[in-house]
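To start, the structure under review is shown below, and the notes come after it.
Convention: sequence-line order gives letters A, B, ...; per-chain numbering from 1.
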There are 2 protein chains.
Amino acid sequence: MVTETQHRRRPLNRGRVQAAAVQVADRDGLKGITMRSVADLLGVEAMALYRHVSGKNDLLDSLVEVVIGEINTACDALPAPEDPADWRTNLRRRILTARSTLLVHRWAPALISTHGTMGPELMRYFDEFGATLAAGGFSLDTIHHALHAFGPRALGFAPELFELEAPAVTETDLDEQAALADMAALAEEMPFLARMAQHLSHEASTTLGWCDDQAEFEFGLDVMLDGLEKRLNS
Amino acid sequence: MVTETQHRRRPLNRGRVQAAAVQVADRDGLKGITMRSVADLLGVEAMALYRHVSGKNDLLDSLVEVVIGEINTACDALPAPEDPADWRTNLRRRILTARSTLLVHRWAPALISTHGTMGPELMRYFDEFGATLAAGGFSLDTIHHALHAFGPRALGFAPELFELEAPAVTETDLDEQAALADMAALAEEMPFLARMAQHLSHEASTTLGWCDDQAEFEFGLDVMLDGLEKRLNS
DNA sequence: CGACCCTGTTTACGTTGTAATCTTGTTTAC
DNA sequence: GTAAACAAGATTACAACGTAAACAGGGTCG
């Protein structure tokens, strides 16, 4: 007759560990995933996780599969393509569907980049990805190259080279002055960037932030598709 | 009259810390970079580094700039372009030069992906990158989009989605058998991948490893350039 | 000489991943 | 029914990490 903490404790298992890890990442980001933090969320000690996961690396690897699993089910829910030969529309839709799923877990791209292991879910995604291209008439060789060329873009994300957070302009005279000085120095040493910066700041009003991620992604995607189209018969 | 350890100790400075960190990374990879390991290499205690670097993050950020600095000096050493309007050749050469520099520090791509901060060296690289496109007749808008679209490829690397180490086939009957069973299951569930795997294993003799990184990179690069070419007048 | 500062050292703390061991509830064998 | 085996989670412990804080030595300048 011990005062149990409310509910009889549900048994742990791999799925529950993964789900908890996802929840932690959604809340605190990738670095927030800690054996202890995940265990806490489950009301359990850290070492308990090791019964269901061979280590943190294993957990992280498996999270990639979980996320790509979500992508796959999203793609499965897509209506069948009207014209299977229209590889361009079909592939585009598939990729953008993957993207929309990834946007739910903003930490996923970074995880995938570091823990890209070839699991069954990823294979299934690529299987249908390749099949879509094959239905469009591409040769196996070209498809293989295309898979490499797309890289992460196949899953709906493109790593940005630098994070351009809005610099959070504080309107102090000092900052203004410094910014102007910077601009002057910039124009001297890097004439082209200076021109572009000015050009961009003029039409900054069109997009809310500096750069529209979704639009940029689709631009890059279409460039890629155009380039691929040229290789249909080779 | 203390028994000094051989040579009078050279004073530490930011550059020496960075150089040591690069050396450690070249030897042990990115994870090998530790305040203590870098300090050891310099014959110094870990905390000494903090006089010249505000923390590990700062050190890592600065390493990106160091590497891109190497890229820039490599690009500076390039002969002036014969035809400045031939953006395609000029850009291609610039990118492949960057790539060859990055191949010296295999850890660099991963570092750049996680610590992509906009420093002066990166800006200089992009300045000349953009200027090359501008000389080819592209509009500022298109160039801006192109910079996003290229992403890391602009620096000569393309993140691979999965590391496909050669699986290091051990020729046991058990493994053989398992591999065959895998293949069978594969063919059922993922018909396309099965086809492609077979196709690839047939012509695997042409390239030494499974996939030729350099060739794949250049393929993707050319796809991108083709796609861009279509946007010259827009 | 003494005040100062520059640079590297020492000590210490909190956080992390995980090895090893222990505890306890449940299942199985006889 | 009891003992033996097992499973799942808790405890304890440790090494490696980043870094804050206080300290020490030697140089410079008054």
Inset, instruction - Could you check whether A:A48 gets within reach of a base, just the sugar-phosphate, or nothing at all, counting any heavy atom under 4.0 Å? - result: sugar-phosphate

Could you tell me the separation between the [atom1] atom of [X] and the [atom2] atom of [N], rounded to a whole number of Å?
X	N	atom1	atom2	answer
B:E45	C:dT10	CD	P	6 Å
B:D40	C:dT9	CG	C1'	14 Å
A:L49	D:dT11	CG	P	14 Å
A:R51	C:dT24	CZ	P	15 Å

Tabulate protein N/O versus nucleotide N/O from nucleotides 17-20 of chain D, keeping only pairs under 3.5 Å, one per line.
{"from": "D:dC17", "atom 1": "OP1", "to": "B:T34", "atom 2": "OG1", "distance (Å)": "3.4"}
{"from": "D:dG18", "atom 1": "OP1", "to": "B:K56", "atom 2": "NZ", "distance (Å)": "2.8"}
{"from": "D:dG18", "atom 1": "OP2", "to": "B:M35", "atom 2": "N", "distance (Å)": "3.0"}
{"from": "D:dG18", "atom 1": "N7", "to": "B:R36", "atom 2": "NH1", "distance (Å)": "2.8"}
{"from": "D:dG18", "atom 1": "O6", "to": "B:R36", "atom 2": "NH2", "distance (Å)": "3.3"}
{"from": "D:dT19", "atom 1": "OP2", "to": "B:Y50", "atom 2": "OH", "distance (Å)": "2.8"}
{"from": "D:dT19", "atom 1": "OP2", "to": "B:K56", "atom 2": "N", "distance (Å)": "2.9"}
{"from": "D:dT19", "atom 1": "O5'", "to": "B:Y50", "atom 2": "OH", "distance (Å)": "3.3"}

Inset, instruction - List the atom of A:R153, the atom of A:I95, and the distance in Å for their closest heavy-atom pair. - result: O-CG2, 3.4 Å

Legend entry - Results of side-chain hydrogen bond (donor to acceptor under 3.5 Å, both in side chains) for A:D61 - residues two or more places apart only: none

Aromatic plane relationship, [Y] with [X] - under 30° parallel, 30 to 60° tilted, over 60° perpendicular:
X	Y	answer
B:F129	B:Y125	tilted
B:F219	A:H145	tilted
A:W107	A:H105	tilted

Legend entry - side-chain N/O B:H52 vs C:dT7 OP1/OP2, d < 4.0 Å: no

Inset, instruction - Please determine, for C:dC5, whether a Watson-Crick or G-U wobble partner exists with both distances under 3.5 Å, and give it or none. - result: D:dG26

Inset, instruction - Please say which of B:T101, B:D76, B:L122, B:T97 ends up in a side-chain contact (heavy atoms from CB on, under 4.5 Å) with B:I71. - result: B:T101

